[in-house]
Amino acid sequence: MASSKKEAQNILEVAIVGAGVSGLGMGIQLLKAGETNFKIFDKGHDVGGTWRDNTYPGCGCDVKSSLYSYSFEPWAEWSNSYAKQGEIYKYLRHCATKYGVYPYIQFNTSITGSAFDEQAGLWNITTADGKTIQARNVVTAVGPFSAPKVAEFKGAEKFKGKTVHTAAWDHSVELEGKRVGLIGTGATAVQVGPAIADKVKNLVVFQRTANWIMPRPDRNIEEAEKALNRKTPLNMKMNRLGVYWFNELTAPFLILKYDMFKAQPEKMASSYLARKVKDPELRKKLTPTFKFGCKRVLVSSDWYPTMQKEHVHLETNAIDCITEKGIRTADGVEHELDVIIYATGYEVRHTGSPIDAKGIGGASLNDKWKDGSEAYQGISTAGFPNLYFLVGPFTGPGHTSVIAYAEAQIGYVIQAIKLRQKRKLKAISVKPEVEQKFVNTMDFRSEHTVWKSGCASWYLSPNGRNNTLYPGLNAEYRMRIARFNPAEYVLTASNGKTVKPKVTDHISTGLMAIKAA
Ligand code: NAP
């Protein structure tokens, strides 16, 4: 991957937007492939993305760390089988340091727009401080969880106490001995609730929907095991493989809507609830009314015990309004509070472009995606050459680690970038009919998923369509994108003419796929 010295000073080979798990992974793999003419732009002050920004008490990952880590960088230092935010953030900084990515990152830089120059085959990228950067290829790696969703309640501005959203935790807010309200019972709430319960005077949890919960088989990793892992990375690789395939086996139960895949997990989760919660009234409140997997299945061993603490109250009456003193529910009760915690999730983007992009003929990606984002393999969209998305449309993880998707996509994008360099192409753009066929497959498959079985979740766009999660196994997706197939793309030569892929192009992408496997 050689770029000429002159170009290296002016034009980036690759501009990456976002230094979270996927953007950082992209930077690492570019360096491994010998490409140094790239830059990662991030609006924050460090790598880590969501793991840098989410610092609420109890924040951690509900995917085992052995899988929620890069496949090429197993880590012997995890303290638990399920890592907490601080350790994941530390791990990502460790990776950025070890692989020498920091010098390639420009922090505190928000990308505000990008426009494709067809004559030059370049993207002109603008930053919030008015600068323009030129790049041959752009990779967006912005992730779905960067904007907190602040649920709007009548009277919210009147509240005299403190308000905090989990995604922008304010560490100056005192919880010790306070009366605290927690709005939400999703993946975040089940982490923050148990983490603060013993500090506060009393905790009122406002639940709109009860979720399916499975116990979290967490355990401490002792020094002896860490030492073994340091000495024998193979041990960690085998562990990862075991967790990966276990998750893959659970996929049909979490993804498909058919009763044959629902009966057993619902029985297991119901029996876990019955074992942990003896009070029938509380148990009823905690029993979900939708199919297992329709919303994200939560993994927590301390949510049910927390709900049974003397000073914790699970409120299932709807929130009517927020008052000066606290929260009033639909039954007319005013819950007096000192602090309100919003664990109400994120504004997950279903429509519009992750960065404002103008492609061929000035076409706007925001317009193209106004009714829903779509991309071939979740990675590229017709009319927007040399632009790639990591963890883009249709490729969120329903049952496993997001890193398993991101790593496969990074390999695919690198093949495309290398092919472009080898053939000195001006542009590589997916064929519209290829993209449409893929989108049709995703829509068809989504009809068989439990996500569309009648509950509301961030998985679905407002019109009820799934363009968020991959409706299949990760292993199948990886095979699908293992090789970048140039025949599926329009290749534009430096003279502006469309050219066909050569046999050698197929061979070289095939060899790269084999090497990466
Ligand atoms: P979420 O799943 O969207 O949950 C938001 C919660 O707030 C839900 O209980 C929701 O109720 C409630 N809510 C929202 N608006 C409300 C309103 N107006 N009135 C009352 N309740 C309201 O958000 P999240 O818990 O932050 O999780 C989002 C995603 O982040 C997860 O699915 C997961 O992918 C990721 N995450 C991952 C981890 C991890 O361990 N890897 C940890 C945390 C988060 P309804 O259910 O009724 O809508």
Side-chain angles (χ1 to χ4, degrees), residues 20-21 49-51 53-65 67-69 80-85 87-88 143-156 165-169 181-195 204-214 216 218 247 254 285-286 288-290 293-303 314-322 327-330 340-350 391 396-405 451 454-460 462 468-469:
V21 170
T50 195
W51 298 109
D53 295 339
N54 280 271
T55 60
Y56 60 83
C59 181
C61 188
D62 56 12
V63 176
K64 285 192 171 171
S65 327
L67 192 60
Y68 200 92
S69 45
N80 289 74
S81 43
Y82 290 88
K84 292 282 188 220
Q85 173 265 340
E87 269 195 353
I88 301 171
F145 301 137
S146 53
K149 180 177 146 197
V150 184
E152 285 176 16
F153 296 104
K154 218 170 27 180
H165 193 290
T166 51
W169 193 260
L182 173 63
I183 306 177
T185 50
T188 300
V190 301
Q191 295 183 340
V192 73
V204 186
V205 175
F206 296 88
Q207 172 183 280
R208 189 165 65 177
T209 312
N211 281 301
W212 290 104
I213 298 188
M214 290 297 229
R216 181 186 179 99
D218 199 5
N247 284 3
L254 286 159
K285 284 183 176 179
L286 289 166
T289 53
F290 54 87
C294 187
K295 287 160 100 80
R296 188 177 173 98
V297 173
L298 308 182
V299 187
S300 171
S301 299
D302 43 17
W303 183 245
L314 180 67
E315 180 56 67
T316 52
N317 284 298
I319 295 174
D320 172 38
C321 63
I322 296 185
I327 294 180
R328 184 175 300 131
T329 40
I340 298 177
I341 299 173
Y342 284 75
T344 46
Y346 303 84
E347 296 290 356
V348 175
R349 185 182 282 277
H350 293 282
V391 199
H399 65 282
T400 191
S401 168
V402 68
I403 298 176
Y405 289 86
W451 310 321
C455 69
S457 77
W458 62 264
Y459 296 169
L460 304 180
T468 312
L469 300 192

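Counting begins at 1 with the first residue of the sequence. Both counts, for ligands and for their atoms, begin at 1 and track the order of listing.
Shortest contact from atom 6 (C) of ligand 1 to any protein heavy atom: Ala343 O, 3.3 Å. Scanning the protein heavy atoms around atom 9 (O) of ligand 1, the nearest turns out to be Thr185 N, 2.8 Å. Nearest to atom 28 (C) of ligand 1 among the protein's heavy atoms is Trp458 NE1, 3.8 Å. Nearest protein heavy-atom contact of atom 48 (O) of ligand 1 is Arg208 NH2, 3.0 Å. Protein heavy atom in closest approach to atom 41 (N) of ligand 1: Asp62 OD1, 3.0 Å. Considering only non-hydrogen protein atoms, atom 36 (N) of ligand 1 sits nearest to Ala187 CB, 4.0 Å. For atom 23 (O) of ligand 1, the closest heavy atom belonging to the protein is Gly345 CA, 3.1 Å. Atom 43 (C) of ligand 1 has as its closest protein heavy atom Thr188 OG1, 3.4 Å.
Of all heavy-atom pairs spanning Glu315 and Thr329, the tightest one is CG-CG2, 3.7 Å. Contact detail for His399 and Tyr405: the closest heavy-atom pair is CE1-OH, 3.7 Å. Ala187 and Val190 get closest at one heavy-atom pair: O-CG2, 3.4 Å. Nearest approach of Ile403 to Tyr68, heavy atoms of both residues: CD1-C, 3.6 Å. In terms of heavy atoms, Tyr459 sits closest to Thr468 at O-OG1, 2.6 Å.
Using modelled atom types, no side-chain atom of Thr344 and backbone atom of Gly184 make a donor-acceptor pair closer than 3.5 Å. Panel note: side chain Lys285, backbone Leu314; a donor-acceptor pair is recorded below 3.5 Å.
Of all atoms in ligand 1, listed by their number and element, those nearer than 4.0 Å to a heavy atom of Arg296 are 31 (C), 32 (O), 33 (C), 34 (O), 41 (N). Using a 4.0 Å cut-off to heavy atoms of Gly184, the atoms of ligand 1 that qualify are 6 (C), 7 (O), 9 (O), 12 (C). Close contacts between ligand 1 and Phe145 involve ligand atoms 29 (C), 30 (O), 34 (O), 35 (C) [criterion: under 4.0 Å to a heavy atom]. Atoms of ligand 1 found under 4.0 Å from any heavy atom of Gly186, numbered from 1 in the order shown, are 4 (O), 9 (O), 25 (O).
With a 4.0 Å cut-off on non-hydrogen atoms, Phe290 does not touch ligand 1 at all. At a heavy-atom distance under 4.0 Å, no atom of Ala456 approaches ligand 1. With a 4.0 Å cut-off on non-hydrogen atoms, Phe206 does not touch ligand 1 at all. Here Glu152 has no heavy atoms under 4.0 Å from ligand 1, in either its backbone or its side chain.
The closest approach between a heavy atom of Gln207 and any atom of ligand 1 is not below 4.0 Å. Residue contacts with ligand 1 do not include Tyr342, since none of its heavy atoms lies under 4.0 Å from the ligand. Using a 4.0 Å cutoff on heavy atoms, Tyr56 counts as a contact of ligand 1.
Interatomic distance, Leu286 CG to Gln207 CD, rounded to the nearest 0.5 Å: 6.0 Å. Rounding to the nearest 0.5 Å gives a distance of 9.0 Å between OH of Tyr56 and CD of Gln85. Separation of atoms CD (Gln191) and CH2 (Trp303) is listed at 11.0 Å; rounding is to 0.5 Å. Atoms SG and CD1, on Cys59 and Ile88 in that order, are 7.0 Å from each other to the nearest 0.5 Å. Separating the CD1 atom in Ile327 from the CD1 atom in Ile183 is a distance of 4.0 Å, to the nearest 0.5 Å.
Annotation: Lys295 places an N or O atom under 3.5 Å from an N or O atom of ligand 1; distance criterion only. At under 3.5 Å, a nitrogen or oxygen of Gly60, whether backbone or side chain, sits near a nitrogen or oxygen of ligand 1.
A parallel orientation is assigned to the rings of Tyr342 and His165, their planes being inclined by less than 30° (bins at 30° and 60°).
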